[in-house]
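Please read the structure below before turning to the comments.
Each chain gets a letter, A, B and so on, in the order its sequence line appears, and its residues count up from 1. Keep in mind that what you see is a predicted model, and the values were worked out from it rather than measured.
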Amino acid sequence: MGNCCNGNGVFKNTGVPTSRNKGIDDPYGFIICRMVADDGTPNQILASDTINQAYLDARTNHEDYSKRWFWVQKLKDVADVRAEYSNVSRSDNSTSNTVQGVRTFTGSLTAMSNAYQNKLDSFSCGGDFGIYSLGDCSDLTGSKSADCTALNPVKVNDESWYTLLTKKSDADNGNVMLKFEYDQREKDGNLAVIFQDEMTSGVDVLNETGLIDVKITTNTITATGFVAVLKVDFDKFSDATQIDVVGLLLASFDLYNTTTGLSIVISSVTEAPDGTYTFVIPANAAAILRLRPLASDDNGYWFEELITTP
Amino acid sequence: MIVKIGRTTFNQDAIKAMGLKDFKVTYKEILKDQDLDKIFKQVVEAKEPKKEAVKGA
């Protein structure tokens with residue numbers, strides 16, 4: 001993008017208040033999210049929002065992935081650098097700036113395998129997205145909206161997003177390197193920071209984690225119940241090594257009848273053995289039921305299973 | 001209200017509506033070898049835990 005002067009010729013004053021931001025951190029983590037949700041609403045933090053734990057949980061656990069926040073933490077070997085402006089030389093040897101240099105991010109997730117690489121790769125396939133950067137003082141950086149009433153994610157050039165797997169060796173753990181360019185329309189001058197002390201006391205964005213995907217197999221399906229076996233869906237191949245999802249309760253689940261459009265009140269959930277859940281529900285006509293985690297439960301998992309009852 | 005007994009969490013209203021007879025039929029295999037009469041009674045008679053008094057109030 002060229003230099004976007006607004007043409008009014010007005011300089012900005014250069015006085016500096018005592019209380020000021022003394023620099024923007026390199027990212028320690030990211031929140032990745034769509035720029036605009038499927039329903040057309042922008043994903044943004046309003047200046048009037050209260051950022052407390054419930055605020056973060058609601059976004060982390062959102063059932064609509066286009067509104068969900070996806071957390072990536074503990075970035076290492078980070079370089080977040082903007083290249084010099086492009087310029088053109090004039091006949092008198094002076095130069096004129098033409099296009100701002102691209103800002104590029106490179107960083108690594110250490111002790112990670114291709115399973116995590118697979119998760120990161122998905123972001124280049126799902127529509128325009130951006131990131132809020134998380135600094136190591138538990139602050140959050142985004143891009144101010146034009147009217148300065150909202151903090152938007154900093155848009156990423158999704159065509160530039162890629163990951164590189166380094167396999168484990170004697171010298172190092174396995175790592176996943178992430179590299180991308182920020183969208184060229186993003187201006188560093190629009191960046192703004194929400195500091196930890198502007199969030200509700202006790203909130204620490206560096207402690208947040210993304211949802212863990214769960215795969216479900218169902219059996220013994222009747223009009224009054226079913227059995228669901230829940231396993232963590234990450235990097236285990238053999239049935240014997242896959243990790244059971246344990247400790248979920250009735251209040252962890254949301255069951256919805258997609259045929260009638262009504263929620264189902266679950267009568268009981270029994271976990272026995274670990275990771276195997278027997279559901280009892282009121283008798284219903286043949287239908288397709290949808291099982292998801294209940295967002296308000298904040299159990300840290302994501303799953304969605306359609307169950308056809310007789 | 002949700003009532004947890006052992007490894008099962010029950011919706012109290014749903015169990016009350018079920019009644020003891022249907023409860024015993026439904027949970028005969030799920031809660032095998034357990035005292036279903038006792039469990040039914042525990043579920044339907046469970047009360048909300050009392051909130052602790054605020055100190056200094």
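With contacts defined as side-chain heavy-atom distances shorter than 4.5 Å, the pair A:Q117/A:M112 does not qualify. Two residues are said to be in side-chain contact when any heavy atoms from C-beta on lie closer than 4.5 Å; A:Y28 and A:C137 fail this criterion. Counting heavy atoms from C-beta on, the side chains of A:L134 and A:Q73 come closer than 4.5 Å. Residues A:F234 and A:D213 fail the side-chain proximity criterion, which asks for heavy atoms closer than 4.5 Å.
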May I have the step-by-step check of ring-ring contact (aromatic ring centres under 6.0 Å, His included) for A:Y65 and A:F70, ending in yes or no?
CA-CA 9 Å; A:Y65 92 96; A:F70 298 85; 7.1 Å; no
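For residues 195-206 of chain A, an interface with chain B (any heavy-atom pair closer than 4.5 Å) does not exist. Within residues 23-37 of chain B, the residues having any heavy atom closer than 4.5 Å to a heavy atom of chain A are B:T26, B:Y27, B:I30, B:L31, listed by residue number. Interface residues of residues 275-310 of chain A toward chain B, defined by a heavy-atom distance below 4.5 Å and sorted by number: A:T278, A:V280. Using a 4.5 Å heavy-atom cut-off against chain A, the contacting residues of residues 11-18 of chain B are B:N11, B:A14, B:I15, B:M18.
For A:V265, the part sitting under 4.5 Å from any heavy atom of chain B is the side chain, from C-beta outward, and nothing else. With a 4.5 Å cut-off on non-hydrogen atoms, A:L249 touches chain B through its backbone and its side chain both.
Salt-bridge annotation for A:K119 and A:D235: absent, with no side-chain N of the basic residue lying under 4.0 Å from a carboxylate O of the acidic one. We find that A:K67 and A:D39 are joined by a salt bridge, their nearest charged nitrogen and carboxylate oxygen being less than 4.0 Å apart.
Closest approach of A:N43 and A:A37 over heavy atoms only: ND2-N, 4.0 Å. The two residues A:D121 and A:C125 come nearest to each other via the heavy atoms O-SG, 3.9 Å. Considering every non-hydrogen atom in both A:Y132 and A:L151, the closest pair reads OH-O, 2.6 Å. Contact detail for A:F237 and A:T241: the closest heavy-atom pair is N-OG1, 4.3 Å.
Counting non-hydrogen atoms of neighbouring residues, nucleotides and ligands closer than 6.0 angstrom, the NZ atom of B:K4 exceeds 12 such neighbours. The 12-atom threshold is exceeded at NZ of A:K215, counting heavy atoms of other residues, nucleotides or ligands nearer than 6.0 Å.
The backbone N or O of A:D57 lies less than 3.5 Å from a partner atom in the side chain of A:N61, making a donor-acceptor pair. Checking side-chain atoms of B:K41 against main-chain N and O of B:V43 turns up no donor-acceptor pair under 3.5 Å.
Put simply, CD1 on A:I32 and CZ on A:R68 are 13.0 Å apart, with the number rounded to the nearest 0.5 Å.
A donor-acceptor pair shorter than 3.5 Å can be found between the side chains of A:S66 and A:D64.
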